[in-house]
Amino acid sequence: MQVRTGDTFDPRVIAVLDNHVTAARAQTAPGSAHALDLAGLRASDVAFWTGWDGETLVATGALKMLSADHGEVKSMHTLQTTRRRGFGGQMLRHIIAEARARGLKRLSLETGSWDYFKPAHALYQAHGFVLCGPFEGYVEDPNSLFLTRDLTGG
């Protein structure tokens, strides 16, 4: 998979992101969905990437800067038709590497707590993320799972 800076004006990217947000919100209780829309992904504190298998868009991911040393993983998505091929892990490793390159010491994320999100939980935990409490404006929510990873170690 080739990771590129994401083009939020590319119709292929827009279609994938629309599908991601629609599917995630359909599986999340009202008021508990925190996915970024296109405007959010275009914000100056967000870096957005796309993953390509040849000319096929297969994954998306973003890094939102919360402070000088803390970032948040956002918009992680792998197309349903390309799952279980390692693209999600490749995108997550790219985001972790970018966070380290930017001098971040901590990387956190929020995801749903429901069964639909269990593959995401497994992916994040396999890459060193551990459960934590709410961060940066989030509140306790039985529909959310909060994870973090210390980037200062190996």
Side-chain angles (χ1 to χ4, degrees), residues 1-28 33-67 69-132 135-136 144-154:
M1 178 178 84
Q2 179 189 28
V3 177
R4 305 177 192 162
T5 299
D7 177 357
T8 57
F9 295 97
D10 182 326
R12 299 168 295 178
V13 173
I14 292 169
V16 166
L17 291 171
D18 282 347
N19 181 58
H20 164 61
V21 170
T22 299
R25 288 191 176 156
Q27 295 294 327
T28 306
H34 304 287
L36 291 178
D37 60 13
L38 286 171
L41 288 170
R42 293 173 181 149
S44 62
D45 61 346
V46 175
F48 172 65
W49 298 279
T50 50
W52 298 83
D53 183 21
E55 288 304 309
T56 303
L57 175 60
V58 296
T60 64
L63 171 62
K64 180 176 182 180
M65 299 296 292
L66 301 177
S67 71
D69 63 356
H70 188 195
E72 181 178 6
V73 175
K74 299 294 288 183
S75 299
M76 277 288 298
H77 180 71
T78 304
L79 272 67
Q80 186 71 35
T81 56
T82 63
R83 291 189 179 159
R84 299 199 161 282
R85 291 179 50 196
F87 297 136
Q90 284 180 281
M91 181 60 74
L92 186 56
R93 286 189 297 278
H94 177 81
I95 293 170
I96 292 167
E98 284 288 328
R100 281 192 167 127
R102 294 167 189 236
L104 300 185
K105 294 182 173 123
R106 182 174 162 212
L107 193 55
S108 302
L109 62 95
E110 179 279 337
T111 189
S113 63
W114 301 6
D115 286 349
Y116 172 83
F117 298 97
K118 283 192 177 190
H121 303 165
L123 172 70
Y124 296 129
Q125 290 172 337
H127 285 82
F129 286 81
V130 296
L131 292 172
C132 68
F135 58 92
E136 193 63 31
S144 289
L145 189 69
F146 303 98
L147 300 162
T148 196
R149 179 177 167 167
D150 180 347
L151 299 178
T152 61

Trainee: What's the separation between atom CD1 in I95 and atom CZ in F48, rounded to the nearest 0.5 Å?
Mentor: 9.5 Å
Trainee: Is there a side chain to side chain contact (heavy atoms under 4.5 Å, CB included) between M65 and L104 once you walk through the steps?
Mentor: CA-CA 9 Å; M65 299 296 292; L104 300 185; 3.4 Å; yes
Trainee: Nearest 0.5 Å, please: how far is OG1 in T78 from CZ in R84?
Mentor: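 So the CZ of R84 and the OG1 of T78 are separated by 11.5 Å.
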Trainee: Do T111 and M76 come within less than 4.5 Å of each other through their side chains, counting heavy atoms only?
Mentor: no
Trainee: Quick check for you: to the nearest 0.5 Å, what is the distance between L109 atom CG and T148 atom OG1?
Mentor: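 The OG1 atom of T148 is 8.0 Å from CG of L109, to the nearest 0.5 Å.
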Trainee: Mind checking side-chain contact (heavy atoms from CB on, under 4.5 Å) for H70 and listing every partner two or more places apart, or none if nothing turns up?
Mentor: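 For H70, the residues satisfying side-chain contact (heavy atoms from CB on, under 4.5 Å) (neighbours in sequence not counted) are L66, S67, R106, S108, F135.
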Trainee: Suppose we screen for salt bridge (Lys or Arg N to Asp or Glu O under 4.0 Å). Which residues come up paired with R93, at least two apart in sequence or across chains?
Mentor: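 Result, salt bridge (Lys or Arg N to Asp or Glu O under 4.0 Å) vs R93: none returned.
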Trainee: Quick check: closest heavy atoms across S75 and A62, and the distance to 0.1 Å?
Mentor: CB-CB, 4.3 Å
Trainee: State which residues pass salt bridge (Lys or Arg N to Asp or Glu O under 4.0 Å) with K74; sequence neighbours excluded, sorted by chain then number.
Mentor: E72
Trainee: Applying salt bridge (Lys or Arg N to Asp or Glu O under 4.0 Å), name anything that partners D37, two or more places apart in sequence or on another chain.
Mentor: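 Salt bridge (Lys or Arg N to Asp or Glu O under 4.0 Å) check on D37 returns nothing, list empty.
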Trainee: Which pair of non-hydrogen atoms, one from L151 and one from A99, has the smallest distance, and what is that distance?
Mentor: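 So the minimum-distance heavy-atom pair works out to CD1-CB, 3.7 Å.
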Trainee: Just to verify, what does K105 make a salt bridge (Lys or Arg N to Asp or Glu O under 4.0 Å) with, not counting sequence neighbours?
Mentor: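 K105 satisfies salt bridge (Lys or Arg N to Asp or Glu O under 4.0 Å) with no other residue.
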Trainee: Suppose we screen for side chain to side chain donor-acceptor pair (under 3.5 Å). Which residues come up paired with S44, at least two apart in sequence or across chains?
Mentor: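 Counting only residues at least two positions away or on another chain, S44 forms no side chain to side chain donor-acceptor pair (under 3.5 Å).
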Trainee: Restricting to non-hydrogen atoms, name the atom on R85 and the atom on D53 that form the minimum distance, rounded to 0.1 Å.
Mentor: NH2-OD2, 2.9 Å
Trainee: Working to the nearest 0.5 angstrom, can you tell me the gap between Q125 CD and R149 CZ?
Mentor: 13.0 Å
Trainee: Of all residues at least two apart in sequence or in a different chain, which pass the side chain to side chain donor-acceptor pair (under 3.5 Å) check with N19?
Mentor: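 Partners of N19 under the side chain to side chain donor-acceptor pair (under 3.5 Å) test: none.
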Trainee: Test of understanding: with side-chain contact (heavy atoms from CB on, under 4.5 Å), list the residues that count as partners of A43, not counting sequence neighbours.
Mentor: D45, V46
Trainee: Any idea which heavy atoms bring S144 and F146 closest together, and the distance?
Mentor: CB-CZ, 3.7 Å
Trainee: Can you list the residues that meet the side-chain contact (heavy atoms from CB on, under 4.5 Å) rule with L57, with sequence neighbours excluded?
Mentor: V13, V16, T50, W52
Trainee: What's the verdict on side chain to side chain contact (heavy atoms under 4.5 Å, CB included) for E136 and E110, showing C-alpha distance, side-chain angles and the deciding distance?
Mentor: CA-CA 11 Å; E136 193 63 31; E110 179 279 337; over 6 Å; no
Trainee: I'd like to check the side chain to side chain donor-acceptor pair (under 3.5 Å) partners of T8; sequence neighbours left out, ordered by chain and number.
Mentor: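 So T8 forms a side chain to side chain donor-acceptor pair (under 3.5 Å) with R42.
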Trainee: For G51 versus M91, what's the shortest heavy-atom pair and its separation?
Mentor: N-CE, 3.5 Å
Trainee: According to ring pair (Phe, Tyr, Trp, His ring centres under 6.0 Å), who are the partners of Y124, at least two apart in sequence or on a separate chain?
Mentor: F129
Trainee: For H121, give me all partners under side chain to side chain donor-acceptor pair (under 3.5 Å), at least two apart in sequence or on another chain.
Mentor: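 With sequence neighbours excluded, H121 shows a side chain to side chain donor-acceptor pair (under 3.5 Å) to no residue whatsoever.
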Trainee: Nearest 0.5 Å, what's the NE2-OG1 distance between H77 and T60?
Mentor: 6.0 Å
Trainee: Are side-chain heavy atoms of L63 and L107 found at a separation under 4.5 Å?
Mentor: yes
